[in-house]
J.: 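The structure follows.
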Amino acid sequence: MIKKAVIPAAGYGTRMLPITKAQPKEMMPVVHKPVIQYVVEEAYNSGIKEILIITGKHKRAVEDHFDRSDAPKKDRFTEELDRILDDISIFFIRQKEQRGLGDAVRYAEAFVDDSPFVLMLGDNITTPSCTEQLINTFKKYKSDIIALEILPEHRIPFHGIIKGNEVEKDIYRIEDLIEKPEPEQAPSNIGTLGRYILLPELFDYLENLKPGYGGEIQLTDALRKMVKDKEIFGKVYRGKRYDIGDKLEWLKANIELVLEDADFRDFTDWLKIKMCDLLLR
Ligand code: UTP
């Protein structure tokens with residue numbers, strides 16, 4: 001039913017400097033693969049057939065990564081990606097200036113046309129698939145659905161925070177949204193997490209948006225206007241989400257995902273010994 005995904009991947013990546021000085025943060029490796037490959041695979045495994053990746057300056061490596069590999073010998077992760085690439089179409093468009101997520105999404109208008117679409121931040125991994133949970137919720141509510149997570153207080157200033165009414169377990173009717181508030185100003189401890197299902201009316205709300213938090217055009221500000229006019233729902237994601245655009249989260253993602261990986265049993269054994277050393281210190 002939802003066949004299109006939009007992946008904004010044009011941000012600066014200042015939190016990952018100097019790693020991101022000359023390479024896109026979406027190419028940050030997480031165990032076997034760059035983060036954006038996880039995002040494309042999440043889309044593909046949810047039935048998406050067409051993907052638009054929004055890139056920009058210094059992001060050419062992202063486009064190259066989604067060419068068919070010409071390596072003389074391929075590992076199974078490369079073969080898997082080649083197989084996916086045979087089955088979907090990936091398009092690219094360049095954001096002319098890095099003016100914020102809301103501005104980046106505007107570049108998807110022609111691609112989206114009149115279909116609902118999934119919006120997936122290109123630097124976030126979810127496991128199990130958050131997109132699948134959103135699509136299941138969309139089947140019931142048939143309206144815009146925003147993925148949510150319950151946050152500890154110290155994380156509130158880093159997220160869009162919602163005010164909402166729980167209409168059934170884990171589903172909120174959203175009444176307001178605020179981008180990165182201080183905890184005292186936050187209407188709740190429930191934040192957005194970088195996965196959305198959106199209807200094309202969004203583009204009307206993105207037009208003529210003024211710069212908001214941090215001087216950037218904010219997607220949250222468009223959604224904030226939208227909730228005044230129509231019913232929009234939030235779904236609390238049940239699973240693990242990693243923001244790879246943050247150094248600590250990136251390190252944690254590597255450790256947690258490697259521990260689940262049968263190819264890296266030796267690493268697990270090494271880590272256990274290391275942990276014992278640390279505990280004895
Ligand atoms: P972030 O909030 O992580 O911003 O963007 P950023 O600029 O990429 O990174 P920092 O904060 O400087 O470290 C959230 C998402 O929006 C995209 C990013 O690529 C990321 O997927 N984005 C952001 C754009 O595509 N264009 C922009 O102008 C800004």
J.: Using the rule that Ile, Leu, Val, Met, Phe, Trp and Tyr join whenever any side-chain heavy atoms are under 4.5 Å apart, tell me whether Val258 and Tyr38 fall into a single cluster.
T.: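 Looking at the clustering, Tyr38 is in the same group as Val258.
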
J.: Decide side chain to side chain contact (heavy atoms under 4.5 Å, CB included) for Asp176 and Arg224; before the verdict, give the C-alpha distance in whole Å, the side-chain angles of both, and the deciding distance to 0.1 Å.
T.: CA-CA 6 Å; Asp176 202 1; Arg224 184 174 206 186; 2.9 Å; yes

J.: Pairs in or reaching into residues 223-244: which pass ring-ring contact (aromatic ring centres under 6.0 Å, His included), with residues at least two apart or in two chains?
T.: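 Checked against ring-ring contact (aromatic ring centres under 6.0 Å, His included) - neighbours excluded - the pairs reaching residues 223-244 are Tyr141-Phe233.
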
J.: What are the two closest heavy atoms between Gly191 and Ile161, and how far apart are they?
T.: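 The pair with the smallest heavy-atom distance is CA-CD1, 4.0 Å.
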
J.: List the atom of Ile156, the atom of Ala186, and the distance in Å for their closest heavy-atom pair.
T.: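 Reported closest heavy-atom pair: CG2-CB, 3.6 Å.
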
J.: Within the side chain of Glu132, is there an N or O that forms a donor-acceptor pair under 3.5 Å with the backbone of Ser46?
T.: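 Absent.
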
J.: Backbone N or O of Ser69 within a donor-acceptor pair of the Lys74 side chain at under 3.5 Å?
T.: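 Yes, Lys74 side chain to Ser69 backbone: donor-acceptor pair under 3.5 Å.
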
J.: Verify side chain to side chain contact (heavy atoms under 4.5 Å, CB included) between Val30 and Ile125, making sure each step is shown before the conclusion.
T.: CA-CA 10 Å; Val30 180; Ile125 294 176; 3.9 Å; yes

J.: Under 4.5 Å between side-chain heavy atoms, hopping through other hydrophobics if needed: is there a path connecting Ile197 to Val105?
T.: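 As far as the 4.5 Å side-chain criterion goes, Val105 and Ile197 are not connected within one cluster.
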
J.: Answer yes or no: is there a side-chain heavy-atom contact under 4.5 Å between Tyr196 and Asp144?
T.: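 SC-SC contact between Tyr196 and Asp144 ruled out.
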
J.: Any side-chain donor paired with an acceptor under 3.5 Å for Gln95 and Asp103?
T.: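 Checked: Gln95/Asp103 side chains pair up, N/O donor to acceptor below 3.5 Å.
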
J.: Looking at CG of Leu219 and CG of Leu101, how far apart are the two atoms once the value is rounded to the nearest 0.5 Å?
T.: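 Separation between the atoms: 5.0 Å.
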
J.: Taking all atoms of both residues into account, what is the closest heavy-atom pair of Pro29 and Asn254, and its distance?
T.: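 Answer, listing the atom of Pro29 first, then Asn254: O-ND2, 3.6 Å.
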
J.: Can you tell if the side chain of Lys163 reaches within under 4.5 Å of the side chain of Ile190, non-hydrogen atoms only?
T.: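 In short, these two side chains do not touch, never coming nearer than 4.5 Å.
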
J.: Would you say NZ of Lys225 has more than 12 non-hydrogen atoms from neighbouring residues, nucleotides or ligands within 6.0 angstrom?
T.: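 Atom NZ in Lys225 is crowded, with more than 12 foreign heavy atoms closer than 6.0 Å.
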
J.: So which heavy atom on Ile2 is nearest to which on Ile48, and how close?
T.: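 Looking at all heavy atoms of both residues, the closest pair is O-CD1, 3.5 Å.
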
J.: Which pair of non-hydrogen atoms, one from Thr20 and one from Pro24, has the smallest distance, and what is that distance?
T.: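 It is CG2-C, 4.4 Å.
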
J.: Could you verify whether a donor N or O on one side chain and an acceptor N or O on the other, from Arg195 and Asn124, lie under 3.5 Å apart?
T.: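 No, no side-chain donor-acceptor contact under 3.5 Å.
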
J.: Excluding sequence neighbours, so at least two apart, what forms side-chain contact (heavy atoms from CB on, under 4.5 Å) with Thr268?
T.: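 Per chain and number, Thr268 pairs via side-chain contact (heavy atoms from CB on, under 4.5 Å) with Leu259, Lys272.
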
J.: Rounded to the nearest 0.5 Å, what's the gap from CD1 on Ile178 to CD1 on Ile162? Could you check?
T.: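 Interatomic distance, Ile178 CD1 to Ile162 CD1, rounded to 0.5 Å: 11.0 Å.
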
J.: Taking the side chain as C-beta and beyond, is there a heavy-atom pair between Leu193 and Cys130 under 4.5 Å?
T.: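 Yes - at least one pair of side-chain heavy atoms lies under 4.5 Å apart.
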
J.: Within 45° of the ring axis of Phe111 and under 6.0 Å from its six-membered ring centre, is that where the NZ or CZ of Lys4 lies?
T.: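 Yes - Lys4 lies over the ring of Phe111, closer than 6.0 Å to its centre and within 45° of its axis.
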
J.: Taking NZ, NE, NH1 and NH2 as the nitrogens, is one of them in Lys25 or Asp246 under 4.0 Å from a carboxylate oxygen of the other?
T.: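 Here Lys25 does not pair with Asp246 in a salt bridge, since their nearest N and O are not under 4.0 Å apart.
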
J.: Under the salt bridge (Lys or Arg N to Asp or Glu O under 4.0 Å) test, which residues partner Glu207, sequence neighbours left out?
T.: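 Residues passing salt bridge (Lys or Arg N to Asp or Glu O under 4.0 Å) with Glu207: none at all.
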
J.: Are any non-hydrogen side-chain atoms of Lys180 and Pro157 less than 4.5 angstrom apart?
T.: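 The answer is no; the side chains never approach within 4.5 Å.
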
J.: So, Glu168 and Lys140, do they make that salt bridge, N to O below 4.0 Å?
T.: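 Result for this pair is yes, salt bridge flagged.
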
J.: Taking atom CD1 of Ile7 and atom CD1 of Ile36, what is their separation to the nearest 0.5 Å?
T.: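 If we round to the nearest 0.5 Å, Ile7:CD1 and Ile36:CD1 are 5.5 Å apart.
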
J.: Does Val227 offer a backbone N or O that forms a donor-acceptor pair with the side chain of Lys230 under 3.5 Å?
T.: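 Here the side-chain-to-backbone pair does not exist.
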
J.: Taking everything shown except Lys57 itself, do over 12 heavy atoms lie less than 6.0 Å from its NZ?
T.: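 Open.
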
J.: For Asn165 and Glu175, does a side-chain donor sit closer than 3.5 Å to a side-chain acceptor?
T.: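 Per modelled atom types, Asn165 and Glu175 side chains form a pair under 3.5 Å.
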
J.: For the atom pair CZ (Arg15) and CG (Leu248), what is the distance rounded to the nearest 0.5 Å?
T.: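 Between Arg15 CZ and Leu248 CG, I get 11.5 Å after rounding to 0.5 Å.
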
J.: Would you find a donor on one side and an acceptor on the other, under 3.5 Å apart, between the side chain of Gln133 and the backbone of Arg238?
T.: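 Answer holds: yes.
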
J.: Before you tell me yes or no, could you show the steps for Val31 and Phe264 under side chain to side chain contact (heavy atoms under 4.5 Å, CB included), namely the whole-Å CA-CA distance, both residues' side-chain angles and the distance that decides it to 0.1 Å?
T.: CA-CA 10 Å; Val31 192; Phe264 283 110; 3.6 Å; yes

J.: Look at the side chain of Gln98 and the backbone N and O of Ala10, then say whether any donor-acceptor pair between them is shorter than 3.5 Å.
T.: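 The answer is yes, because a donor-acceptor pair under 3.5 Å joins these two groups.
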
J.: If the test is side chain to side chain contact (heavy atoms under 4.5 Å, CB included), which one of Val236, Thr137, Leu148 qualifies with Asp170?
T.: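 One option only clears the test, and that one is Val236.
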
J.: To the nearest 0.5 Å, what is the distance between OG on Ser188 and CG on Leu177?
T.: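 So the OG of Ser188 and the CG of Leu177 are separated by 9.0 Å.
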
J.: Does some side-chain heavy atom of Ile255 sit less than 4.5 Å from a side-chain heavy atom of Leu271?
T.: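 Of all side-chain heavy-atom pairs linking Ile255 with Leu271, at least one is under 4.5 Å.
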
J.: Can Glu249 and Arg241 be counted as an ion pair, charged N to O under 4.0 angstrom?
T.: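 Here Glu249 does not pair with Arg241 in a salt bridge, since their nearest N and O are not under 4.0 Å apart.
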
J.: Would you please test Glu26 and Lys59 for salt bridge (charged side-chain N to carboxylate O under 4.0 Å, His left out) and show each step?
T.: CA-CA 9 Å; Glu26 294 73 19; Lys59 301 281 184 170; 2.8 Å; yes

J.: Distance-only, no hydrogens or angles: does the Ser143 side chain make a donor-acceptor pair with backbone N or O of Glu231 under 3.5 Å?
T.: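 Between the backbone of Glu231 and the side chain of Ser143 there is a qualifying donor-acceptor contact (under 3.5 Å).
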
J.: Side chains of Asp261 and His32: any donor to acceptor distance under 3.5 Å?
T.: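 Judged by distance alone, the side chains do pair up.
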
J.: Taking the side chain as every heavy atom from C-beta outward, state whether Thr55 and Ile93 have any pair of such atoms under 4.5 Å apart.
T.: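 Not in contact.
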
J.: Classify the side-chain pair Asp221/Tyr205 by whether it contains a donor and acceptor separated by less than 3.5 Å.
T.: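 No.
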
J.: Is a side-chain donor-acceptor pair under 3.5 Å present for Glu42 with Thr131?
T.: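 The criterion, which ignores hydrogens and geometry beyond distance, is satisfied for Glu42 and Thr131.
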
J.: Can you name the nearest heavy-atom pair linking Ile54 to Ala104, along with the distance?
T.: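 Nearest heavy atoms, Ile54 then Ala104: CD1-O, 3.2 Å.
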
J.: Evaluate Arg60 against Glu63 for salt bridge (charged side-chain N to carboxylate O under 4.0 Å, His left out), listing each step before the verdict.
T.: CA-CA 5 Å; Arg60 197 166 302 154; Glu63 295 186 34; over 6 Å; no

J.: Is Trp250 linked to Leu121 within one hydrophobic cluster, defined over Ile, Leu, Val, Met, Phe, Trp and Tyr using a side-chain heavy-atom separation of less than 4.5 Å?
T.: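 As far as the 4.5 Å side-chain criterion goes, Leu121 and Trp250 are not connected within one cluster.
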
J.: Any chance you could lay out the salt bridge (charged side-chain N to carboxylate O under 4.0 Å, His left out) test for Glu166 and Arg173, step after step, and finish with the verdict?
T.: CA-CA 6 Å; Glu166 196 170 24; Arg173 159 114 203 255; over 6 Å; no

J.: What distance separates Leu151 CG from His159 NE2, expressed to the nearest 0.5 Å?
T.: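 Interatomic distance, Leu151 CG to His159 NE2, rounded to 0.5 Å: 4.5 Å.
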
J.: Please examine the side chains of Leu202 and Met226, heavy atoms only from C-beta on, and report whether any two atoms are closer than 4.5 Å.
T.: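 Yes. Closest side-chain heavy atoms under 4.5 Å.
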
J.: Stepwise, does the side chain to side chain contact (heavy atoms under 4.5 Å, CB included) test hold for Arg99 with Glu216?
T.: CA-CA 5 Å; Arg99 296 179 62 213; Glu216 295 195 337; over 6 Å; no

J.: Just checking Lys21: does its NZ atom have more than 12 heavy atoms from other residues, nucleotides or ligands closer to it than 6.0 angstrom?
T.: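 No.
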
J.: Please tell me if the side chains of Phe138 and Val118 come closer than 4.5 Å, counting only heavy atoms from C-beta onward.
T.: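 They are not in contact (no side-chain heavy atoms under 4.5 Å apart), so the answer is no.
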
J.: Are Gln37 and His65 linked by a side-chain donor-acceptor pair shorter than 3.5 Å?
T.: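 Side chains of Gln37 and His65: pair found under 3.5 Å.
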
